[in-house]
Amino acid sequence: MSFISEIFSNKVLGISMFACFLAQFFKVFTGEEKRIQISRIFTSGGMPSSHSSFVTSLSTLVGMDFGFDSIEFAVVAVFSMIIMYDASGVRRAVGKQAVILNKIVDDLHHKKHIEHKRLKELVGHTPIEVFFGAILGIITALIFS
């Protein structure tokens, strides 16, 4: 069996990726503008967190295969927690900084002509977005395993 065919036959990877794509799909319907936005399927940030969905699905499946008291589960769970913390902490802070910097650029732009591309403000997740992404990942793993 070749390396590529092994990757494509990896059920745990496939289900985890499906959980990630499912979260991205739900973002189409959960934007702040209260309308369907197809473009949100390709963006980071928003409800639910696809990062959280991806890693909690992976953690759940590893726990189901190797046991929730295994070293394999412990390793995946630790990395999952780091990813979810980063999604709601560091990346969220970057988004807040982008809001402030965009305001400064807008203020300067009104005083004199400055060409500057706006920074992406929706970068990270709120804790509730991470929570619902995690729940989605666990449910996806349980349904499709």
Within the supplied structure, the quantity of interest is the number of heavy atoms (other residues, nucleotides, ligands) at a distance under 6.0 Å from I7 CD1; does it exceed 12? yes
Indicate the atoms forming the closest heavy-atom contact of I83 with V55, along with that distance. CD1-CG1, 3.6 Å
Do M84 and T56 have side chains that get closer than 4.5 Å, going by heavy atoms? yes
When rounded to the nearest 0.5 Å, the distance separating CD1 of I138 from CD1 of I143 is 12.0 Å
Look only at the side chain of T60 and the backbone of A141, and say whether a donor-acceptor pair between them is shorter than 3.5 Å. no
For a 4.5 angstrom cut-off between non-hydrogen side-chain atoms, does F68 reach F73? yes
Where do A23 and P48 come nearest, in terms of heavy atoms and distance? O-CD, 3.7 Å
Is the CZ atom of F25 crowded by more than 12 outside heavy atoms at less than 6.0 Å? no
Within a radius of less than 6.0 Å around CZ of F79, do more than 12 heavy atoms belonging to other residues, nucleotides or ligands occur? no
So which heavy atom on C20 is nearest to which on S53, and how close? N-OG, 4.1 Å
Quick check: do F132 and M47 have side-chain heavy atoms less than 4.5 Å from each other? yes
Spatial distance of atom CD (E129) from atom NZ (K27) [nearest 0.5 Å]: 8.0 Å
Should F18 and V62 be counted in the same cluster of Ile, Leu, Val, Met, Phe, Trp and Tyr side chains packed under 4.5 Å apart? yes
Minimum heavy-atom distance between V12 and N10, given as atom pair plus value: N-OD1, 3.1 Å
Checking S59 against S80 for the side-chain hydrogen bond (donor to acceptor under 3.5 Å, both in side chains) test, could you report, in this order, the C-alpha distance in whole Å, the side-chain angles of both residues, the deciding distance, and whether it holds? CA-CA 7 Å; S59 295; S80 294; 2.7 Å; yes
Check for me, please, whether L58 and M81 land in the same ILVMFWY cluster - side-chain distances under 4.5 Å, paths through other members count. no
Could you measure the distance from the OG atom of S57 to the CG atom of L22? Nearest 0.5 Å is fine. 10.0 Å
Say you draw a straight line from OG of S52 to CZ of F131; how long is it, rounded to the nearest 0.5 Å? 11.0 Å
Once rounded to the nearest 0.5 Å, what's the spacing between atom OG of S49 and atom CZ of F26? 14.0 Å
Transitive ILVMFWY side-chain link F144 to I135, under 4.5 Å: yes
Which value, rounded to the nearest 0.5 Å, describes the distance between F3 atom CZ and F8 atom CZ? 10.0 Å
Same apolar cluster: I139 and F29, side chain cutoff 4.5 Å: yes
Count I, L, V, M, F, W, Y as connected when their side-chain heavy atoms are under 4.5 Å apart, and connections chain through other members. Are L136 and V76 then in the same cluster? yes
Could you tell me whether the side chain of M64 reaches within less than 4.5 Å of the side chain of S145, counting heavy atoms only? yes
